[in-house]
Amino acid sequence: MKSLRTKLVVIMILLIVAIMAVVGSFLINGVGSFYVDQFYDQMTSTFDQPFLQQLQRTAGESDAPARLKELLMSQPDLGIDISGRNVYILSSDGAVLAASDEKDTIGITDNILTAMNGKVGMQGSIIASHMDLAIPIEGEDVTYIIYVLDNKATVDALNGSMLSIILRSLALGLLICVVLSFVLAQILITPIRALTTGTQQVASGDFSQKLEVTGRDEIGVLTRNFNHMSQVLQNTLSEVENERNKLSTLFLHMSDGVVAFSPDGSVIHFNPAAVHLLGRGLDQTVAFSEIFGDIAELSEVLALKRPNSIAAEKQVGSRELELQMAPFSGDQTIGGALVVIHDVTEQHKAAETQREFVANVSHELRTPLTNVKSYAETMLSSGDELPKELRENFLGVVVSEADRMTRIVQDLLTLSRLDFGKMEMNLTRFSFAEAVRNVHRATAIDAGRHNHTVSLDIAEDVGDCYGDRDRTEQVIINIISNAIKYTPDGGRIDIRAGQDEKNVFVVVQDNGIGIPEKDLPRLFERFYRVDKARSRESGGTGLGLSIAREMLRQQHGDIRIESVYGEGTTVTILMPKAADSL
């Protein structure tokens, strides 16, 4: 249906049909509901308590069915004389004993079944083909059912008349709507055709065409707006060219956030990334000087020739931003300036981490080297004058510091292998519970030296895991050793192993000195120590937790640490469960 006239005709016809269908449906359903409600209201008022008592007494007589029928037929409120309504006296099993229409049998309905169960059946529906009521009446030795049946002959006759009226009204309405829709379509189509011709001329580049405004209605307003639009469109062609150049420059320089400024310095365009990186809102009231005035003047940027730009850096909170500033312009006018914003925080942080790592390594090695040199020079300068006991003590210090340097170098080599994926992992299926027991036995002596109470609780359903058993035990030993080391003598360490849906895990919980909350996010940084003096005294390198986490990640495991300063620490180690097929 491409024709507007055809569409209007079809819509009007569908509208009339829909309205008549809805109205007819409501009317027919309303009549049906009214008669159903009226029937049951009439039955309720007729079979009141005195009448039911009278029926009860009659049921005890010898010819009860006939007497009950006569009694019911004499009740004008039952409307037995209404076309299609009859009364029946039924036995307790539904057999007809007496009837107003002399029928021998009737069908068993839901209401009769209800009456057979000793209750009054008076459920009805407008979609049912009949209305009925069934009431159980107790005689001396027998139970009768009073059954009133209305076959809705009156309702059906009335509905038939209403349907005939509705169909005649529908036919007349369709005729009227077809005529009116043709008239309405003609009124609408004439100015629309003129607008179609005008749009074709504008599309071809002719903006001089002015359409005649023939009315003040919506189509007339549309025609006036079309004339205005053609004029404005001609004036904005040069601005479209400037926008094209601006977008070209934006894509040329864009790496993250972008802000565009007009020649007078106000914001004309920005993206959400620029708002996020600059940490402030942007709108037309914000000027170039407010954001970048400390870096460059807008006139300097506008004076540049493409593809030149001004590079600068800016600190915004914790972010370090790299800026590229360049102008954009049209054929003859200056469009404004673009600022492209790159977030280089992570690059700078990586460089700073590298410098800090080198400094930490240098510091960690310088201290033992200084001690070795000092004691060696002392022994060299003293010669044979140095007592034997003191010489042996000095030599012990030298050996201890050499071992310390060896541990640092070994830890660094381990981390290097882990970083570059060169650490050999012997991945096999092994019993995680047995590994935890081995670690518990291995650390028992060390815990005993400090009078710690160590408990071990391994769930019965802990399955196997898949990984490098030696590396996994090494990590668990490292964690338990830390718990022993940083728990005051006589403390308690609880070791608990179990499994969840995907992993097996071991939890090491102590009541030691704990870790301050500010230090928790940095625990896995290399060379980071919570208590630097105490860690060095105990021979720690500050690399243990970093190595532990990397070893676990190489095996698709993980480590989590929770701690309350002064109360204790809980460390959870997770390893993936072995698949059944392995």
Side-chain angles (χ1 to χ4, degrees), residues 24 27-165:
L27 287 175
I28 292 174
N29 286 337
V31 170
S33 297
F34 171 80
Y35 272 92
V36 170
D37 294 338
Q38 185 186 50
F39 173 81
Y40 286 108
D41 289 341
Q42 186 181 35
M43 295 300 104
T44 302
S45 62
T46 301
F47 289 94
D48 56 8
Q49 193 62 33
F51 186 53
L52 288 175
Q53 291 175 353
Q54 184 179 2
L55 292 172
Q56 191 78 31
R57 290 192 298 271
T58 305
E61 298 177 8
S62 58
D63 56 343
R67 294 284 297 126
L68 288 172
K69 170 189 171 184
E70 293 175 1
L71 183 58
L72 291 168
M73 292 288 289
S74 63
Q75 292 294 319
D77 292 337
L78 282 179
I80 300 304
D81 56 336
I82 296 176
S83 174
R85 184 177 297 181
N86 292 283
V87 64
Y88 301 89
I89 311 301
L90 309 178
S91 64
S92 59
D93 58 357
V96 177
L97 302 178
S100 60
D101 60 356
E102 304 300 329
K103 281 187 178 180
D104 296 329
T105 59
I106 60 172
I108 303 299
T109 66
D110 291 339
N111 285 336
I112 293 176
L113 291 175
T114 301
M116 289 179 179
N117 292 324
K119 298 179 181 179
V120 176
M122 55 182 302
Q123 296 296 322
S125 171
I126 61 172
I127 63 174
S129 60
H130 63 276
M131 301 177 292
D132 62 338
L133 171 72
I135 301 175
I137 301 296
E138 296 287 342
E140 292 182 355
D141 298 322
V142 66
T143 299
Y144 300 100
I145 297 176
I146 304 299
Y147 183 62
V148 180
L149 176 64
D150 190 322
N151 61 9
K152 288 188 175 180
T154 304
V155 179
D156 293 339
L158 181 58
N159 284 339
S161 299
M162 290 180 58
L163 182 59
S164 176
I165 295 172

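Because only heavy atoms are used, hydrogens play no part in the values below, and waters and symmetry mates are left out as well, while side chains stay in.
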For this session: Begin with the C-alpha distance, continue with both residues' side-chain angles, and end with the deciding distance and a verdict on side chain to side chain contact (heavy atoms under 4.5 Å, CB included) for V87 and Y147.
Result: CA-CA 6 Å; V87 64; Y147 183 62; over 6 Å; no
Problem set entry | side chain to side chain contact (heavy atoms under 4.5 Å, CB included) between T58 and I137, worked out | CA-CA 10 Å; T58 305; I137 301 296; over 6 Å; no
For this session: Quick one: do L149 and L133 satisfy side chain to side chain contact (heavy atoms under 4.5 Å, CB included)? Show the steps, please.
Result: CA-CA 7 Å; L149 176 64; L133 171 72; over 6 Å; no
For this session: Would you check, one step at a time, whether the test side chain to side chain contact (heavy atoms under 4.5 Å, CB included) holds for L55 with L72?
Result: CA-CA 9 Å; L55 292 172; L72 291 168; 4.2 Å; yes
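Going from atom CG of N117 over to atom OG of S92 covers 11.5 Å, rounded to the nearest 0.5 Å. In this structure, M43 CE and I135 CD1 are separated by 8.5 Å, a value rounded to the nearest 0.5 Å. With values rounded to the nearest 0.5 angstrom, H130 atom NE2 is found 9.5 Å from I106 atom CD1.
Under the 4.5 Å side-chain criterion, counting only non-hydrogen atoms from C-beta, I108 is in contact with M116. Within the 4.5 Å cutoff, no side-chain heavy atoms of Y144 are placed close to those of S91.
Residues A115 and I145 approach most closely at CB-CG2, 3.9 Å, considering heavy atoms. The minimum heavy-atom distance linking Y40 with D132 is given by the pair OH-O, 2.9 Å. Residues M73 and S100 come closest through the heavy atom pair SD-CB, 3.4 Å. The nearest pair of heavy atoms linking G107 to I112 is O-CD1, 3.6 Å.
Between the S74 side chain and the L71 main chain, a donor and an acceptor come within less than 3.5 Å of each other. In this structure a side-chain-to-backbone donor-acceptor pair under 3.5 Å is present from D48 to F51. In terms of modelled atom types and a separation under 3.5 Å, the side chain of K69 and the main chain of A98 share no donor-acceptor contact. The closest donor-acceptor contact from the side chain of D150 to the backbone of M131 lies at 3.5 Å or more, if one exists at all. Panel note: side chain N111, backbone Q123; a donor-acceptor pair is recorded below 3.5 Å.
Heavy atoms from other residues, nucleotides or ligands lying under 6.0 Å from CG of D110 number 12 at most. The local environment of CD in Q56 is crowded, with over 12 non-hydrogen atoms from other residues, nucleotides or ligands closer than 6.0 Å. Other residues, nucleotides and ligands contribute at most 12 non-hydrogen atoms within 6.0 Å of the CG atom of D104.
For the 3.5 Å distance criterion, the side chains of Y88 and D101 qualify, holding a donor opposite an acceptor.
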